[in-house]
Amino acid sequence: AVRWWEKVEETPTVWQAPLTDDGLEYYVNTENGTTTWDKPEELMTPDEINSQGTWVWAPHQTNVYVPAKLVSTRGKKHKVEHEDGSEHTVNKKDCQPCMRSWLQRVVPDLTLLDDMGAPLILHNLRRRFEEKSEIYTNVGNILISINPYKRLPLYTKEEVHRYSSRKFGQDLPPHVFNIAYDSYYGLTSFQQLQSIIISGESGAGKTEATKQCLQYLAAVAGSRTGVENKILKANPVLEAFGNAKTIRNDNSSRFGKYIEIYFDGSGRICGSATENYLLEKIRVVQPAKDERNFHIFYHLCKAAPAPLKKRFGLDGKAAGDFAYLKSCTDVPGLDDVKDFEEVNGAFKDLEFKADDSEVHGLYAIVAAILHLGNVRFVEGRPDEGKVDSGSAKFLRHASACLKVDEKVLGDSLVTRTLRIRGSQGGDTKCAVTPADACSARDALCKFVYGRMFDWLVQRVNQSMGG
């Protein structure tokens, strides 16, 4: 029997090696019928392959490293030939040794590679993705995922059933469902707490991987109260207020999160809680070039019902009319109208109240921030800022949304309060410059949005029984 660590995906070949009447071996291509006396590389042993010249990993602008045959060496330079036949001159110190036989094997688990160096790992991942459309590869019990930037039929109910109903010891292709399966099995069979860590750079697919793990657990474990559906419905809400379009990802999470899922003694989900941290509050007031603010700002501008927009002073205005949203408003891959409908549906499923105390209160804060971003300041007396008369209407709308006095809000932006220890005269108010007033406005918006997001996460936890 073949031991598990010796299992390797066989590379299919169209070549056969029959013998002539004289006992000589020749080679036939079964696809086109051609014959040759030269042994095809697919049929060579590793020693035969490696004897065909010296190979190196050569640096490559796109693929980082590519295999290349060494043609000549002069001083500190290598002249190499890529597999496509093109020749290049590269620095000798940038190359790494490579055995041609290493390239023959494409494995689903990187621990089976002949060498665990970065070049061969990247080569294996690239070939699995380009030749087999495989986005998942194991490294032992770790899963590497490549973001294909398109929808793949890998997360259907049939796939969930395939991975959840497998027999003990049955091998299935690498998949995020494997990770979720192992965690659930370890929890229910051995009563050991489990953790799944999902990490990667922006655009790597962390948000989607998290959703697929939750989808699997919800489908397999279920619950007696339907809480697993609420766990899934929390995603659209938190993504609307915590995700944004970046230059690398249309739905990038701009906050970290730690999700706990609680199970009862029978292995069913009984609750969940999310802990958020490091929300990118600077995005509220200063999105980077070609990036968007948080999704909810655009949802409200583009998809809110007319009465709601009128109430919050957004009627007759597009997203591009607000300073905090100007850098980028439309994204081909995003449907803000559809997403806003999904958010409102999720609010309903999570049992949020559709009034000022909850849902409409959240929208009011979002609208207030948009209006505050349009408030401009000019110099009155020397080094004393005041609200520009042309933007006074935005201050009025903001104060109405926040339910605070307009004059108090305006004064708080153009003055600062000094509290001197031991002073008998009480607090002292000092005027600030227009630039400082802008900074105070931005600081207020970031603070309010951050506190709102913290409240939102706590409210979602409350709905999920966390």
Side-chain angles (χ1 to χ4, degrees), residues 237-238 240-244 254-255 279-287 292-327 329 336 340 343-344 347 352-377 385-415 437-459:
V237 172
L238 296 182
F241 288 84
N243 287 25
R254 308 318 300 164
F255 68 103
L279 177 69
E280 189 186 35
K281 290 181 285 189
I282 186 63
R283 183 172 294 271
V284 174
V285 300
Q286 193 177 345
R292 295 212 314 180
N293 211 314
F294 294 104
H295 294 321
I296 191 62
F297 289 104
Y298 305 90
H299 293 174
L300 204 58
C301 290
K302 296 181 180 182
L308 198 65
K309 294 180 71 173
K310 183 177 181 180
R311 176 185 172 187
F312 296 142
L314 301 177
D315 51 319
K317 294 182 177 61
D321 295 328
F322 295 99
Y324 288 161
L325 309 184
K326 281 184 177 179
S327 59
T329 57
D336 292 303
F340 188 61
V343 170
N344 282 312
F347 273 137
F352 275 63
K353 297 176 183 177
D355 57 23
D356 290 349
S357 66
E358 294 191 343
V359 177
H360 287 178
L362 291 169
Y363 294 160
I365 292 174
V366 172
I369 290 173
L370 289 178
H371 290 304
L372 284 173
N374 278 11
V375 175
R376 293 289 172 262
F377 303 94
K386 67 176 184 178
V387 176
D388 181 19
S389 59
S391 61
K393 61 180 179 180
F394 295 110
L395 181 64
R396 183 170 61 256
H397 287 313
S399 62
C401 291
L402 295 174
K403 295 185 178 180
V404 298
D405 184 85
E406 179 183 349
K407 186 177 187 307
V408 173
L409 178 60
D411 289 345
S412 67
L413 297 177
V414 296
T415 61
C438 288
S439 298
R441 176 205 60 202
D442 291 347
L444 174 64
C445 292
K446 290 187 292 182
F447 174 80
V448 170
Y449 195 88
R451 291 296 297 270
M452 177 194 69
F453 191 75
D454 290 340
W455 178 90
L456 177 62
V457 173
Q458 292 176 5
R459 178 62 182 83

For the student: nearest non-hydrogen atoms of [X] and [Y], plus distance:
X	Y	result
Val375	Arg441	O-NH1, 2.7 Å
Ala440	Leu413	CB-O, 4.1 Å
Lys309	Cys301	NZ-O, 2.8 Å
Val387	Ser391	CG1-OG, 4.0 Å
Asn374	Asp321	ND2-O, 3.1 Å
Val285	Asp442	CG1-O, 3.6 Å

Show your reasoning for whether side-chain contact (heavy atoms from CB on, under 4.5 Å) applies to Val457 and Phe255.
-> CA-CA 12 Å; Val457 173; Phe255 68 103; 5.7 Å; no

Cation-aromatic face contact Arg459/Phe352, 6.0 Å, 45 degrees | yes

Side chains of [X] and [Y] in contact at under 4.5 Å (non-hydrogen atoms):
X	Y	answer
Val366	Phe241	yes
Leu372	Leu409	yes
Val284	Phe453	no

Out of curiosity, [X] [atom1] to [Y] [atom2], how far, rounded to the nearest 0.5 Å?
X	Y	atom1	atom2	result
Arg283	Arg292	CZ	CZ	10.5 Å
Lys281	Lys446	NZ	NZ	8.0 Å
Glu406	Lys393	CD	NZ	13.5 Å
Phe297	Tyr449	CZ	OH	5.0 Å
Asp356	Leu362	CG	CG	10.5 Å
Lys403	Ile365	NZ	CD1	10.5 Å

Can Glu358 and Lys353 be counted as an ion pair, charged N to O under 4.0 angstrom?
-> no

When you check the gap from the basic side-chain N to the acidic O, do Lys407 and Asp411 get nearer than 4.0 Å?
-> yes

Taking the inter-plane angle between the rings of His360 and Phe312 on a 0 to 90° scale, is it parallel (under 30°), tilted (30 to 60°) or perpendicular (over 60°)?
-> perpendicular

Look at the aromatic rings of His371 and Phe322 and report parallel, tilted or perpendicular, splitting at 30° and 60°.
-> perpendicular

Is the ring centre of Tyr363 less than 6.0 Å from the ring centre of Phe340?
-> yes

Exceeds 12 heavy-atom contacts within 6.0 angstrom, atom NZ of Lys386 = no

Heavy atoms of other groups near Lys310 NZ, more than 12 under 6.0 Å = no

Say whether, by atom type as modelled, one donor and one acceptor occur between the side chain of Arg376 and the main chain of Cys438 under 3.5 angstrom.
-> no

Short question: side chain of Asn293, backbone of Ala244 - any donor-acceptor pair under 3.5 Å?
-> no

